[in-house]
Chemist: 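Shown below is the structure under consideration.
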Amino acid sequence: MTKLQLALLALLCVGLAPSTFAQPAATPEPEAISPSESGSDAADELSGPPGAIPAATPPAVQPPPPGFKPTGTRPEPSVEEVQQALQAAAAEPEAEEPEGLPLDELRVFAEVFGRIKSDYVERVDDRELLASAIRGMLAGLDPHSAYLDPDQYQDLQVGTTGEFGGLGIEVGMKDGFVEVIAPIDDTPAQRAGIQAGDLIVRIDDKPVKGMSLGDAVELMRGKPGSTIELTLTRDSLSKPLSVKLERAVIKVASVKQRILEPGFGYLRVANFQARTTDDLLEAVTKLKRENGGPLKGVVLDLRNNPGGVLNTAVGVSDAFLEQGLIVYTEGRLDDAKLEFRAGPDDVLDGAPLVVLVNGGSASASEIVAGALQDQRRALIMGNETFGKGSVQTIIPVDERTALKLTTARYYTPAGRSIQALGIVPDIILERGSLTLAAKSDLAPLKEANLVRHLEDNNGDDGDQPADEAPADAADADADADAADPKQADDKPLAAEDYQLSEALNVLKGLVILGQAPRASERPLSHDDAGAVTAEEAVMPADGAAAPAEDAAAPTEDGAVPAENGAVPAEDAAVPAEDGTVPTENTGN
């Protein structure tokens, strides 16, 4: 029955029964009775509009619902009201019926399928056509839903597990050949002596020239235990080198670590695999062991991290949090509505954390950055992230194929959806490079170079002239550089990675200002009982050096008289044994 018919029937029913919830045996109040109904009996109330057929028996009177208050009876509809109701019902769209298969569209699909089979310039396999139709159907949803054929499904499993059968080399393209970027430690390639810079010219007698990098990688991967022969060229060799290798299970580490400066560590997460959380915990342990104790701060690098497994992103966030919400997801199905919370134990024991992100940080890396930002656990630096706030679920179709289907959106602890928005860093840090100034042949003038300068009374050997110390130090540095030429050619961190250098500077500032949640609970040096804590650095005790305003003005030659007994601001900052400097007394 259409809406038009329903509207007409409803109007007729209203004329037949003015009030369905009429009070039984109750006298209407005077103001509720319309002029047309006054003085009529009950039979007149049921007579309806002219032309209506009276009911044989009065309809059963239903009791009113709870809280119902009668407002009188509705007058009979006029001819104009009926016409307006019919016009409104005709203008409204038909009610949506339960969704079924659209038969017309299916007939169109079958017609197109048949036309391709009969008229296309080349014969096309039915399975290939259906697979292409499935791909197109998923591609029309969003950029991240897809149909995974056997090869794509296998590549996805390799990417998420981080394990595959291969040789263990990082490769790239150079002059049409495959160049070895670096062999991975403890792999067949590393044990066979393959070196960075080698060019692979043949793979099992197949020339690499003209081959794509993906095809070359596919040839080198294979079942563990199978053998492969590579033909390499090396600058130090006059003729090509043939190497036979046996493939093995290669585990790709998604986490790298190093010490930037004493006490400050660096963690790089390239992507989020199934083993990334364990790799991160192991990397933190190595940093502490290499540092010889707890870390003062860490830079977590998530730049150009495309994401990965959701559970791993939760695990990485949980490693730095002690409590609170990490992320929650919302979707149509109940299984898509999840909530993840942090457990106790912070692997850094509350040490300051700076997270580097950029436009290549997406999905799982945005979950980590958003959780640490909302929980005020880390300072986010860099550029606005990619903005992928959706969750994809891998749904196997059979043993060889699967669907990658978007099933939920994720939200940060503060309820932010970063879909198409991204994470905005706390400190915007544009990408750039630093060019070092050329070294000057003229050394800067220092106190030790002034005539009749005061000697240093802190040294054990007071007979050695102070101006000879710089020369000895320079000779020592020169000897060290000669012994290690690579060390002499090392660039400073600012020239190597400007953003990382700035993140390290901010991290040092957080440590000096005592922003670490637990920094004030323990001395900065475990060996020195009298070391200055972060709290004491911010609030000097009584009897501390006089503030800079009380310092005497320096004379023309730079010397500061001490008649008033004030300590110059330049000399007040006495660093503790661990190198920290109280902020109130630096005078800078």
Chemist: Per the side-chain hydrogen bond (donor to acceptor under 3.5 Å, both in side chains) rule, what does the pair list look like for residues 198-209, sequence neighbours excluded?
Modeler: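 Residue pairs passing side-chain hydrogen bond (donor to acceptor under 3.5 Å, both in side chains), neighbours aside: Asp198-Arg234.
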Chemist: So, taking the atom named CD1 in Ile116 and the one named CG in Asp119, what distance separates them when rounded to the nearest 0.5 Å?
Modeler: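 Answer rounded to 0.5 Å: 9.5 Å.
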Chemist: Are the side chain of Arg268 and the backbone of Arg303 linked by a donor-acceptor contact shorter than 3.5 Å?
Modeler: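 Yes, the answer is positive, given that a donor and an acceptor are paired below the 3.5 Å cut-off.
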Chemist: Taking only Lys NZ, Arg NE, NH1 and NH2, and the carboxylate oxygens of Asp or Glu, determine whether Lys256 and Asp301 approach each other closer than 4.0 Å.
Modeler: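 Salt bridge: no.
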Chemist: Please report the interatomic distance CG(Leu260) to CG(Leu287), rounded to the nearest 0.5 Å.
Modeler: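 Answer rounded to 0.5 Å: 9.0 Å.
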Chemist: Please check if the number of heavy atoms outside Asp126 that lie under 6.0 Å from its CG is greater than 12.
Modeler: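 It does: Asp126 CG has more than 12 such atoms within range.
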Chemist: Using side chain to side chain contact (heavy atoms under 4.5 Å, CB included) as the criterion, list what pairs up with Ala408, not counting sequence neighbours.
Modeler: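 Counting only residues at least two positions away or on another chain, Ala408 forms a side chain to side chain contact (heavy atoms under 4.5 Å, CB included) with Thr329, Ala336, Val391.
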Chemist: Taking atom types as modelled, find out whether Asp149 and Thr401 have a side-chain donor-acceptor pair closer than 3.5 angstrom.
Modeler: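 On atom types as modelled, these side chains do not qualify, holding no pair under 3.5 Å.
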Chemist: Is it true that Ser145 and Asp142 share a donor-acceptor pair across their side chains at a distance under 3.5 Å?
Modeler: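 Present: a donor and an acceptor within the cut-off.
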Chemist: Just verifying a value: how many Å separate Leu372 CG and Asp426 CG, rounded to the nearest 0.5 Å?
Modeler: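 It is 11.0 Å, given to the nearest 0.5 Å.
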Chemist: If the condition is side-chain hydrogen bond (donor to acceptor under 3.5 Å, both in side chains), which residues does Ser390 pass it with, not counting sequence neighbours?
Modeler: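 Counting only residues at least two positions away or on another chain, Ser390 forms a side-chain hydrogen bond (donor to acceptor under 3.5 Å, both in side chains) with Gln392.
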Chemist: Closest heavy-atom contact between Asn271 and Thr276?
Modeler: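 Where Asn271 meets Thr276 most closely, the heavy atoms are O-OG1, 3.4 Å.
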Chemist: For Arg191, check side-chain hydrogen bond (donor to acceptor under 3.5 Å, both in side chains) against everything at least two apart and list the hits.
Modeler: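 side-chain hydrogen bond (donor to acceptor under 3.5 Å, both in side chains) list for Arg191, sorted by chain: Asp186.
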Chemist: Per the ring-ring contact (aromatic ring centres under 6.0 Å, His included) rule, what does the pair list look like for residues 375-424, sequence neighbours excluded?
Modeler: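 Listed once each, the pairs are Tyr328-Tyr411.
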Chemist: Checking the side chain of Ser501 only, and the main-chain atoms of Asp497 only, is there a donor and an acceptor separated by less than 3.5 Å?
Modeler: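 No; zero donor-acceptor contacts below 3.5 Å.
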Chemist: Any donor and acceptor pair, going by atom type alone, linking the side chain of Gln499 with main-chain N or O of Gly432 inside 3.5 Å?
Modeler: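 Judged by distance alone, no pair lies under 3.5 Å.
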Chemist: Heavy-atom count check: over 12 atoms from other residues, nucleotides or ligands less than 6.0 Å from Arg431 CZ?
Modeler: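 Result for CZ/Arg431: open.
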Chemist: Look up atom CG in Asp345 and atom CZ in Phe320, then write down how far apart they are to the nearest 0.5 Å.
Modeler: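 Separation between the atoms: 13.5 Å.
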Chemist: Check whether any side-chain heavy atom of Pro183 lies under 4.5 Å from a side-chain heavy atom of Gln195, and answer yes or no.
Modeler: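 SC-SC contact between Pro183 and Gln195 ruled out.
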Chemist: If we only count heavy atoms from C-beta on, is the Thr187 to Lys251 side-chain gap below 4.5 Å?
Modeler: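 No, every pair of side-chain atoms sits at 4.5 Å or beyond.
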Chemist: Could you pull out all residues at least two apart from Arg400 that satisfy salt bridge (Lys or Arg N to Asp or Glu O under 4.0 Å)?
Modeler: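 For Arg400, no residue satisfies salt bridge (Lys or Arg N to Asp or Glu O under 4.0 Å) once neighbours in sequence are set aside.
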Chemist: Above 12 or not: heavy atoms from other molecules or residues under 6.0 Å from CD of Gln419?
Modeler: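 Buried by this count: over 12 neighbours within 6.0 Å.
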Chemist: Could you list the residues that satisfy salt bridge (Lys or Arg N to Asp or Glu O under 4.0 Å) with Glu170, not counting sequence neighbours?
Modeler: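 With sequence neighbours excluded, Glu170 shows a salt bridge (Lys or Arg N to Asp or Glu O under 4.0 Å) to no residue whatsoever.
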Chemist: Would a distance-only check, ignoring hydrogens and angles, find a side-chain to backbone donor-acceptor pair under 3.5 Å from Glu366 to Gly387?
Modeler: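 At least one qualifying donor-acceptor pair exists.
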Chemist: May I ask you to say whether Glu111 pairs ionically with Arg115, meaning some side-chain N is under 4.0 Å from a carboxylate O?
Modeler: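 Yes.
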Chemist: Give every residue pair that meets the ring-ring contact (aromatic ring centres under 6.0 Å, His included) criterion with at least one member in residues 147-186, sequence neighbours excluded.
Modeler: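 Applying ring-ring contact (aromatic ring centres under 6.0 Å, His included) to every pair that reaches into residues 147-186, excluding sequence neighbours, yields nothing.
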Chemist: Hey, are the side chains of Ile428 and Glu384 touching, using non-hydrogen atoms and a 4.5 Å cut-off?
Modeler: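 No, every pair of side-chain atoms sits at 4.5 Å or beyond.
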Chemist: Supply the atom-to-atom distance Arg376 CZ to Leu321 CG, rounded to the nearest 0.5 angstrom.
Modeler: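 Rounded to the nearest 0.5 Å, the CZ-CG separation comes out at 13.5 Å.
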Chemist: Once you round to the nearest 0.5 Å, how far does CD of Glu330 lie from CD of Glu339?
Modeler: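 Spacing of CD (Glu330) from CD (Glu339) equals 9.0 Å.
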Chemist: Check whether any side-chain heavy atom of Glu179 sits under 4.5 Å from a side-chain heavy atom of Met173, and report yes or no.
Modeler: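 A side-chain contact is absent here, since even the closest heavy-atom pair is not under 4.5 Å.
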Chemist: Does the side chain of Leu348 come within less than 4.5 Å of Val284's, by heavy atoms?
Modeler: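 Result yes, sub-4.5 Å side-chain heavy-atom pair found.
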Chemist: When you measure from the side chain of Thr412 to the backbone N and O of Gly370, does any donor-acceptor pair fall under 3.5 Å?
Modeler: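 No.
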Chemist: For Glu105, what residues pass the salt bridge (Lys or Arg N to Asp or Glu O under 4.0 Å) criterion, not counting sequence neighbours?
Modeler: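 So Glu105 forms no salt bridge (Lys or Arg N to Asp or Glu O under 4.0 Å) with any residue.
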Chemist: Could you note down all residue pairs passing side-chain hydrogen bond (donor to acceptor under 3.5 Å, both in side chains) where residues 211-233 supplies at least one of them, sequence neighbours left out?
Modeler: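 Found Ser212-Asp215, Ser226-Arg247.
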Chemist: Cut-off 3.5 Å, no hydrogens considered: what does the side-chain donor-acceptor table look like for residues 354-363, sequence neighbours left out?
Modeler:
{"unit_1": "Asn358", "atom_1": "OD1", "unit_2": "Asn304", "atom_2": "N", "d": "3.0"}
{"unit_1": "Asn358", "atom_1": "OD1", "unit_2": "Gly360", "atom_2": "N", "d": "3.0"}
{"unit_1": "Asn358", "atom_1": "OD1", "unit_2": "Ser361", "atom_2": "N", "d": "3.4"}
{"unit_1": "Asn358", "atom_1": "OD1", "unit_2": "Ser361", "atom_2": "OG", "d": "3.4"}
{"unit_1": "Asn358", "atom_1": "ND2", "unit_2": "Asn304", "atom_2": "OD1", "d": "3.2"}
{"unit_1": "Ser361", "atom_1": "OG", "unit_2": "Leu302", "atom_2": "O", "d": "2.7"}
{"unit_1": "Ser361", "atom_1": "OG", "unit_2": "Asn358", "atom_2": "N", "d": "3.2"}
{"unit_1": "Ser361", "atom_1": "OG", "unit_2": "Asn358", "atom_2": "O", "d": "3.4"}

Chemist: Show every donor-acceptor pair shorter than 3.5 Å between a side-chain atom in residues 305-318 and any protein atom, with sequence neighbours excluded, or say none if there are none.
Modeler:
{"unit_1": "Asn305", "atom_1": "OD1", "unit_2": "Gly307", "atom_2": "N", "d": "2.9"}
{"unit_1": "Asn305", "atom_1": "ND2", "unit_2": "Val269", "atom_2": "O", "d": "2.8"}
{"unit_1": "Thr312", "atom_1": "OG1", "unit_2": "Gln273", "atom_2": "O", "d": "2.7"}
{"unit_1": "Ser317", "atom_1": "OG", "unit_2": "Ala313", "atom_2": "O", "d": "3.0"}
{"unit_1": "Asp318", "atom_1": "OD1", "unit_2": "Gly343", "atom_2": "N", "d": "2.9"}

